[in-house]
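Everything below concerns the one structure shown next.
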Amino acid sequence: MLEFIQNPWPWWFSGIIISAVMFFLLFFGKSFGFSSNLRTICSLSGAGKKVKLFDFDWKTQAWNLVFLVGAAIGGYIAHQFLTADEVPVIAAATTEELKQLGFGEAKSIQPEELFSLESLFTLKGFLVMAIGGLLVGFGSRYAGGCTSGHAISGISDLQVPSIIAVVGFFIGGLIMTHLIFPLIF
Amino acid sequence: MKFIKFLIVGIVFGIVMAKSEALSWYRIQEMFRFQSFHMYGIIGTAVTLGIIGVALIKRFKLRDIDGNPILFTPKDKSVKRYLFGGTIFGLGWALSGACPGPMVVNIGYGFVTFLVVLAFAVIGTYLYGVFQKKLPH
């Protein structure tokens, strides 16, 4: 049991829990959509005075901000108390291709080449993080949802817009990985 | 106290994203290189159970905790906004290795760099709001 908890959890277990998260939120009268929080934070910061998209009562979304805080606490708990060895077992082919781009063997779940503070304080390291975040924030609101709202909630309801959005997620992801990565790394 | 249930569900979400390594940049790279089943297994399992569960909720007209019917609002019909918005999102997802949920889980996990990613995701959302009227939808 302890071993199961401390080792990485299998995909099927994760999938079951994620669908359970969605059903619990539906049962609580809400829906699973994480990127709505980004819009709520804009509203909370007073952006509604200038931009119509953010002119709504953020308190109606307070529950989702509480969910966000919970997600951060969950990350903390998982790292501090539930993880024995955090070196991920990455597919050999991926490790090899990333090596060509200058990424060494994985030492933790995130590559230090991108996510260490040393990297963040370089111009390139900072730009990668900033542009990555910018695109995710802009794109999720443009598409009306992110992985949770479209790929999980929307497709569970067999909504065509969500299927189109997920096709878009993959077009973007494949362009970045296969065409842009070789140019920037 | 009415918020505690959302906190608990959020904690469960955060733990499972971390423990199944779905917050890892490497795992997203495996996915976009079609070299591992892991992420497809996670999303595929969640969606399969989701489709079955949503169909059951509709079939039996289930109600939520307050006794209101659980309703699903169809999203606006369009192709452009989902395709263009989705593609922009995908570019950022592959670059930063995280969609909005995992960004926050990563911060809790201890990767403070994601504070920058999240801050710029908020700025990106704001910029969409500013340019919304000028974009094809």
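Naming convention: chains lettered A, B, ... in sequence-line order (proteins, then strands); numbering from 1 in each chain. A quick note: this is a predicted structure, and the numbers were derived from the prediction, not measured.
Here CG of B:Leu127 is found 7.0 Å from CZ of A:Phe138. Values are rounded to the nearest 0.5 Å. Here the OG1 atom belonging to B:Thr125 is positioned 10.5 Å from the CZ atom belonging to A:Arg39, to the nearest 0.5 angstrom. To the nearest 0.5 Å, atoms CG (A:Leu38) and CZ (B:Phe120) are separated by 14.0 Å. In this structure, CD1 on B:Ile15 lies 10.0 Å from CD1 on A:Ile17, to the nearest 0.5 angstrom. For the atom pair A:Ile164 CD1 and B:Lys77 NZ, the distance stands at 8.5 Å (nearest 0.5 Å). The OG atom of A:Ser156 lies 8.5 Å from the CZ atom of B:Phe72; values are rounded to the nearest 0.5 Å.
Ring centroid separation for the pair B:His137 and A:Tyr142 comes in under the 6.0 Å cut-off. In this structure, the ring of A:Phe32 has its center less than 6.0 angstrom from the ring center of B:Phe13. A:Trp11 has its ring centre less than 6.0 Å from the ring centre of B:Phe37.
In this structure, no portion of A:Ala92 lies under 4.5 Å from any heavy atom of chain B. For B:Ile57, the part lying near chain A is the side chain, with the backbone staying farther off; criterion is any non-hydrogen pair under 4.5 Å. Residue B:Glu21 touches chain A through its side chain alone, counting heavy-atom pairs closer than 4.5 Å. With a 4.5 angstrom heavy-atom cutoff, A:Ile90 touches chain B via backbone and side-chain atoms both. The part of A:Phe54 that comes within reach of chain B is its side chain, from C-beta onward, which places non-hydrogen atoms under 4.5 angstrom from that chain. Only the side chain of B:Ile70 comes within contact range of chain A, judged by heavy atoms closer than 4.5 Å. At a 4.5 Å heavy-atom cutoff, the contact between A:Val128 and chain B is made by backbone and side-chain atoms alike. Heavy-atom distances place no part of A:Leu44 under 4.5 Å from chain B, backbone and side chain included. For A:Ile77, the part lying under 4.5 angstrom from a heavy atom of chain B is the side chain only. Heavy atoms closer than 4.5 Å to chain B are found in both the backbone and the side chain of A:Ser140. Neither the backbone nor the side chain of B:Thr48 comes within less than 4.5 Å of any heavy atom in chain A. In this structure, chain B has a heavy atom under 4.5 Å from the side chain of A:Met22, while its backbone stays farther away. B:Met39 does not touch chain A: none of its heavy atoms, backbone or side chain, sits under 4.5 Å away. In this structure, chain A has no heavy atom under 4.5 Å from any part of B:Ala22. For a residue to count as touching a neighbouring chain, one of its non-hydrogen atoms must lie under 4.5 Å from one of that chain's; by this rule A:Leu65 does not touch chain B. For chain B, the nearby parts of A:Ile155 are the backbone and the side chain; heavy atoms of each come within less than 4.5 Å. Looking at A:Asn37, there are no atoms closer than 4.5 Å to chain B (heavy atoms on both sides), in backbone or side chain. With a 4.5 Å cut-off on non-hydrogen atoms, A:Gln6 touches chain B through its backbone but not through its side chain. In this structure, the portions of A:Gln110 lying under 4.5 Å from any heavy atom of chain B include both its backbone and its side chain. Proximity to chain B is absent for every atom of A:Ser45, based on heavy atoms less than 4.5 angstrom apart. Proximity to chain A (any heavy atom under 4.5 Å) is restricted, for B:Asn106, to the side chain, taken from C-beta onward. Of the two parts of B:Glu30, the backbone and the side chain both hold a non-hydrogen atom closer than 4.5 Å to a non-hydrogen atom of chain A.
Scanning all heavy atoms of the two residues, the minimum distance from B:Ala46 to A:Ile152 falls at CB-CD1, 3.9 Å. Between A:Thr147 and B:Phe89, the shortest heavy-atom contact is OG1-CZ, 3.7 Å. Between A:Ala62 and B:Phe3, the shortest heavy-atom distance links the atoms CB-CZ, 3.8 Å. Shown here for B:Ser36 and A:Ala91, the closest heavy-atom pair between the two residues is CB-CB, 4.5 Å. Nearest approach of B:Gly92 to A:Val136, heavy atoms of both residues: C-CG2, 3.4 Å. Between A:Leu101 and B:Arg33 the shortest heavy-atom distance is CD1-NH2, 3.5 Å.
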Open item on the list: Set out, in order, the CA-CA distance, both residues' side-chain angles and the distance that settles ring-ring contact (aromatic ring centres under 6.0 Å, His included) for B:Phe32 and A:His178, then state yes or no.
Closed with: CA-CA 8 Å; B:Phe32 285 131; A:His178 297 279; 8.4 Å; no
Task: Worked check of salt bridge (charged side-chain N to carboxylate O under 4.0 Å, His left out) between A:Lys30 and B:Asp64 - done: CA-CA 9 Å; A:Lys30 311 295 181 193; B:Asp64 67 20; over 6 Å; no
TODO: Show your reasoning for whether ring-ring contact (aromatic ring centres under 6.0 Å, His included) applies to B:Phe6 and A:Phe28.
DONE: CA-CA 9 Å; B:Phe6 298 112; A:Phe28 295 154; 5.5 Å; yes
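If you tally non-hydrogen atom pairs under 4.5 Å between each of A:Ser35, A:Pro8, A:Ser116, A:Gly139 and chain B, the highest count goes to A:Gly139. Taking B:Val130, B:Val54, B:Val112, B:Leu62 one by one and counting their heavy-atom pairs under 4.5 Å with chain A, the maximum is reached by B:Val54. Note on B:Val16, B:Leu71, B:Val12: by heavy-atom pairs under 4.5 Å with chain A, the leading option is B:Val16.
Although no hydrogens or angles enter the test, the distance criterion places a donor-acceptor pair under 3.5 Å between the side chain of A:Gln159 and the main chain of B:Thr73. Checked by atom type and distance alone, the side chain of B:Lys19 pairs as donor or acceptor with a backbone atom of A:Leu82 at under 3.5 Å. A:Lys52 contributes no side-chain N or O that, together with a main-chain N or O of B:Gly129, makes up a donor-acceptor pair within less than 3.5 Å.
Relative to the six-membered ring of A:Phe24, B:Lys5 misses at least one condition, a distance below 6.0 Å or an angle of at most 45° to the axis.
Residue A:Thr94 is tested with B:Arg27, B:Gln29, B:Met31 for a side chain to side chain contact (heavy atoms under 4.5 Å, CB included); the sole match is B:Gln29.
B:Trp25 and A:Phe181 have parallel rings, their planes meeting at less than 30° on a 0 to 90° scale where 60° marks the start of perpendicular.
Counted within 6.0 Å of CZ on B:Phe131, heavy atoms from surrounding residues, nucleotides or ligands total 12 or fewer; the atom is thus considered open.
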